[in-house]
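Since the structure comes first, as structure tokens, the remarks are kept for the end.
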Amino acid sequence: MTRDRPITGQRGCRAGAGAIARPRGFAPLLAAALLLAPSAGPTYGQDVDPAVIAPAEGADSGAQPTRPRSGGSASDAGSSLRGGSGASAPGGSALGSSVFTQTTPGATSGSGSGAGANGFGSAAFGPRNPAFSTSEPPSPAATEDDSVARLPRFRTGSPTTGGASVNGVRPSLLRQRAAPARRLGSPTKQVTQIRTQQSTTDLRLSPVIQSPVSGIPLPTSIAPLGLVNPAGILGLGLGLGFGNAFRAGPNAVDPAYAPLGYRLGTFTILPAFTQSLGYDTNPNQTVARAAQPSLVLRSEAELSVRSDWSQAEFTSEMRGSYLEYPDNPDASRPNAVGVSRLRVDANRDTRIDVETRFLVDTQRTGSPDLNAATATRPLFASYGATVGVQQNFNRLQLSLRGSIDRQVFEDARLSNGAVIRQSDRDANQYGLRLRAGYEVSPVFTPFVETLIDTRIYDTPVDQAGLRRDSDGIAFTAGASIEINRALTAEISAGLQHRSYVDRALRPIDAPLVNTALVWAVSPLTTVRFNQQTGVIETSVPGSSGAFTDVASLEVQHDLFRNLSINLGATYLANTYEGVRIRERGYSAFARLDYRFNRWLTFRGSYIWSTLTSTGANSSYEGHAVLLGVRVNP
């Protein structure tokens, strides 16, 4: 396709004859006015319409054709229009090559001898020549041609049928296109390249790949309050304590020392193994007079799974360990904990969450629920699942979650061989949680929440002749806060009520407070705080349940890229309803991690814990030190 404007036969003949007496085109008349006007007037370079000289917006870098010259033969004019040399023909006027010769910004210097460095004739911006002055007014034909000449040039399409056309398009269509904006200064090819040669990336078309989290974070150390007695959390470092819970978050380990894991399809698997050796002054967590210190061998295996999906996410953290006490074999025990979470984004406003969890631990020998000095620590397990859906209506967020949990207990064995049956403590808990929140701002979302649940025992009547099935309801109000990802918190408070089937068991009314806070004080220091209250089940005769309050604080600081220290503390309070049993526990821990490389870490920890109880043989105090190595294959 050519970009030349078609020239009628009459205009071509006049151009070839070199007639100047009565020009019919607008260009010769404008050239004569430019050169013959008084020199006191403004220069042509200031008055010229940009539609005549400057190329149209979006023009490519090819050479722009020249306008027909008033002098010279018709063959010269045709050669000039079709990209010939810019030099004028012999005997022709220099005006054709110096004023009306046009080239695009991308044209080379060899495209025309009359073109300047900016692609225009050098005489176009010079003073007017009075020798070519004329006062002849433009003819109607010149006016009509001027309306077309002022239009921007563009590539020609297929010729239209019927009527005169310019560049293959009817003039009536060309007149509908607005003239380009006035351009100041010399046009450059950079403007065209920015608009036509740079691609724009749509982020919605780029999948978001989840990066594997460094380290292996564990679920919250506080067991789901309700079915499990949380007194075991004071056994920090040796059991299920908070102090040994792994740090959550993507910045737990410096990337230079973070384990790489293994790729299995769309999953990243991060295994780890830890072997420790230490000393414990009270492995059975019993009264001081019955304490039997012992060496401790602790073997622990961990597994973390992360998905690399664009619109959904799956995470799983599991840990299992075994504590061996050579000097006190009856205190040897296992423990394990794990949680798996699946998030499915059904659409932009709907999200489906699925969670499964399990917990395995042992009861301490001085627990009020046993009410006897057992020879071993009996096992108990709790496992469950939650399924929920969250729907967003603009700023309004509604979520509904249903849960089911089960607890089972192992029978306890006394030193004389007698067995304490605990199968009457096996129970199921069913719950339904409804939450409504409103996003006031991206950093602040208040909410209200309602929770109803029921607990049903496998055995309708326990050994004390009581029916412990119960129903509970709770109302809370709180807010979720997220400030620049440095401080995230969720705080709620309310009231809970639990009533029992057996009239001998008094209902329980208690405050409900839940707090979860993560504060990145600096890139090297992180603070975590958790608090949770609830009503847990018990088998103490005459007591309907125990109100428990657990609070834990952890501070993590990286001294170097491969050296970090963790300090933490835990507070525990249990109040048994209907009987005079009160428990208050405290613990503190310190842990040091030194990473030699990605797969080998040295770990040292110290744990102190104490519990004061009004029950017989329930108080204890202990110290434990552990040194070991952690391997991330």
Side-chain angles (χ1 to χ4, degrees), residues 212-221 235-265 267-280 283 294-307 314-326 331-340 357-362 379 381 554 556 558 561-566 568 589-607 624-633:
V213 177
S214 303
I216 308 177
L218 275 180
T220 176
S221 61
L236 301 179
L238 303 180
L240 202 61
F242 174 81
N244 201 44
F246 294 92
R247 295 163 293 178
N251 300 324
V253 180
D254 189 277
Y257 294 90
L260 300 178
Y262 299 93
R263 295 284 299 184
L264 182 60
F267 295 94
T268 300
I269 301 177
L270 300 170
F273 179 79
T274 305
Q275 183 63 53
S276 304
L277 173 67
Y279 184 80
D280 192 348
S294 173
L295 292 175
V296 56
L297 298 173
R298 184 171 184 267
S299 302
E300 183 180 56
E302 306 160 11
L303 181 65
S304 178
V305 180
R306 293 285 185 273
S307 66
F314 174 80
T315 60
S316 179
E317 296 88 23
M318 292 175 285
R319 184 193 71 187
S321 65
Y322 187 81
L323 302 171
E324 177 70 25
Y325 296 94
S332 300
R333 58 187 181 270
N335 64 69
V337 63
V339 63
S340 298
R357 52 192 174 270
F358 71 90
L359 170 69
V360 178
D361 204 358
T362 56
L379 292 170
E554 179 187 9
Q556 170 196 338
D558 294 334
R561 299 184 66 183
N562 61 334
L563 180 62
S564 64
I565 183 172
N566 280 39
F589 79 94
R591 187 178 70 218
L592 184 71
D593 287 341
Y594 181 82
R595 303 175 188 86
F596 296 98
N597 46 46
R598 291 184 183 272
W599 62 272
L600 185 62
T601 302
F602 169 79
R603 172 169 293 177
S605 59
Y606 166 76
I607 308 98
V625 177
L626 288 174
L627 299 176
V629 292
R630 174 185 171 91
V631 179
N632 296 92

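Heavy atoms only, all atoms of each residue included: Ser332 and Tyr325 are closest at OG-N, 3.1 Å. Residues Ala272 and Asn632 share a closest heavy-atom pair of CB-ND2, 3.4 Å. Between Thr362 and Pro334 the shortest heavy-atom distance is CG2-O, 4.0 Å. Closest heavy-atom contact between Phe358 and Met318: CE2-CG, 4.0 Å. Closest non-hydrogen pair, Leu627 versus Gly604, comes out as CD2-CA, 3.9 Å. Listed here is the closest heavy atom pair of Ala258 and Arg598: O-NH1, 2.6 Å.
The closest side-chain heavy-atom distance from Tyr594 to Leu592 is not below 4.5 Å. Between Asn566 and Glu554, the closest side-chain pair of non-hydrogen atoms falls below 4.5 Å. With a 4.5 Å cut-off on side-chain heavy atoms, Thr274 and Ser321 do not count as touching. With a 4.5 Å cut-off on side-chain heavy atoms, Leu297 and Ser299 do not count as touching. Side-chain atoms of Leu270 and Leu303, non-hydrogen and from C-beta on, never get closer than 4.5 Å to each other. Using a 4.5 Å heavy-atom cutoff, the side chains of Thr268 and Leu260 are not in contact. For the pair Asn562/Phe596, no side-chain contact is recorded, criterion being any heavy-atom separation below 4.5 Å from C-beta on.
At distances below 3.5 Å, not a single donor-acceptor pair connects side-chain atoms of Ser304 with backbone N or O atoms of Glu317. Using modelled atom types, no side-chain atom of Arg319 and backbone atom of Ala336 make a donor-acceptor pair closer than 3.5 Å.
No more than 12 heavy atoms of other residues, nucleotides or ligands lie within 6.0 Å of OH in Tyr262, so this atom counts as exposed by the packing criterion.
Note that the CZ atom of Phe314 and the CZ atom of Arg306 stand 9.5 Å from one another [nearest 0.5 Å]. Here the straight-line distance linking atom CZ of Phe267 with atom OG of Ser316 works out to 10.0 Å at 0.5 Å rounding. Interatomic distance, CZ of Phe273 versus CZ of Arg630, reported as 11.5 Å (0.5 Å rounding). Atoms CG and CD, on Asp593 and Gln556 in that order, are 9.0 Å from each other to the nearest 0.5 Å.
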task = Could you please spell out the steps behind the side-chain contact (heavy atoms from CB on, under 4.5 Å) verdict for Val631 and Leu600?
result = CA-CA 5 Å; Val631 179; Leu600 185 62; 4.2 Å; yes

inquiry  = Run the side-chain contact (heavy atoms from CB on, under 4.5 Å) test on Asn335 and Leu323 for me, step by step, so that the C-alpha distance in whole Å, both residues' side-chain angles and the decisive distance to 0.1 Å come before the verdict.
reply    = CA-CA 8 Å; Asn335 64 69; Leu323 302 171; 4.3 Å; yes

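Neither side chain, Thr601 nor Arg603, offers a donor N or O lying under 3.5 Å from an acceptor on the other.
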